[in-house]
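See structure below.
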Amino acid sequence: MNEQDIEIPCPVCSQSGKVKMISHIDEIPYFGEHTQVTLLCDSCGWRQTDFIPAEGKKAGAWSMVIDAEEKLTARVVRSSSCTVSLPELDIQVNPGSNATGYVSNVEGVMQRFLDVIRMIERDLVAEVDALEDNERATATEHMATLQNMKLAIGQLGEPKANPLTIVLLDPHGHSMILHPDATERDLTDEELAALPVGPDPAVFSTDDVEPSA
Ligand SMILES: [Zn+2]
């Protein structure tokens with residue numbers, strides 16, 4: 001475990017001299033040896049975790065069809081530069097300004113999708129009364145779509161559920177689905193051009209952050 005102060009202002013509260021970087025080498029089965037790096041701000045509590053594999057990784061896409069309950073337990077390493085999508089539902093979560101890496105399983109990733117959907121739902125409900133009639137019809141349609149997304153995700157793993165595909169797109173190649181049925185491919189040039197690469201201003205803006213040991 002290595003701890004050091006970082007000479008950048010906190011991206012959230014802008015205070016200088018409060019951001020620390022903690023890093024340690026860790027081993028995740030199949031993902032291999034990597035450095036786990038966490039930035040945290042003593043002032044406002046902001047934190048961001050990322051995973052830097054020891055071996056260089058190239059930009060890549062991982063995908064797996066979730067068609068069995070067992071696949072919900074597959075481990076997922078999602079770095080802060082990774083976009084996660086469910087193409088069948090036409091929903092994706094981009095690495096926003098506050099993106100943080102995490103190690104979870106497929107079920108945990110679905111939970112995060114549900115959180116996002118509920119948040120959009122709450123926003124819709126909050127504004128629906130102020131809408132004109134024609135806008136309200138559209139909002140009602142959106143609500144129905146969100147409802148269907150929640151159902152589809154909630155039924156995953158059940159024998160009669162429609163399978164969904166989980167896709168990770170990571171320009172930095174630091175993300176992975178750890179399951180024998182998961183497949184990896186290169187990102188296309190179009191994807192590379194279109195994908196956001198993650199938090200900004202980034203200590204992780206380059207691929208080779210080398211925390212001093
Ligand atoms: Zn802060």
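Computed from a predicted model, the values in this text were never measured in an experiment. Sequence positions, counted from 1, serve as the residue numbers for this chain. One-based numbering, in listed order, for ligands and for the atoms of each.
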| Who are the side-chain hydrogen bond (donor to acceptor under 3.5 Å, both in side chains) partners of Q111, not counting sequence neighbours? | none

| message | Taking CD in E69 as the centre, count heavy atoms belonging to other residues, nucleotides or ligands within less than 6.0 Å. Is the count above 12? | response | no

| task | Using a cut-off of 6.0 Å, state whether more than 12 heavy atoms not belonging to D90 lie near its atom CG. | result | no

| request: Only pairs at least two apart or in different chains count here, so list each salt bridge (charged side-chain N to carboxylate O under 4.0 Å, His left out) that has a residue in residues 166-193. | output: K58-D186, K71-D181, R185-E191

| Nearby protein N/O/S atoms (those under 2.8 Å) for the Zn ion (ligand 1), with water ignored | C10 SG, C13 SG, C41 SG, C44 SG

| remark: residues 126-137 vs side chain to side chain donor-acceptor pair (under 3.5 Å), sequence neighbours excluded, gives none

| Would you call R112 and D115 a salt bridge, using N to O less than 4.0 angstrom? | no

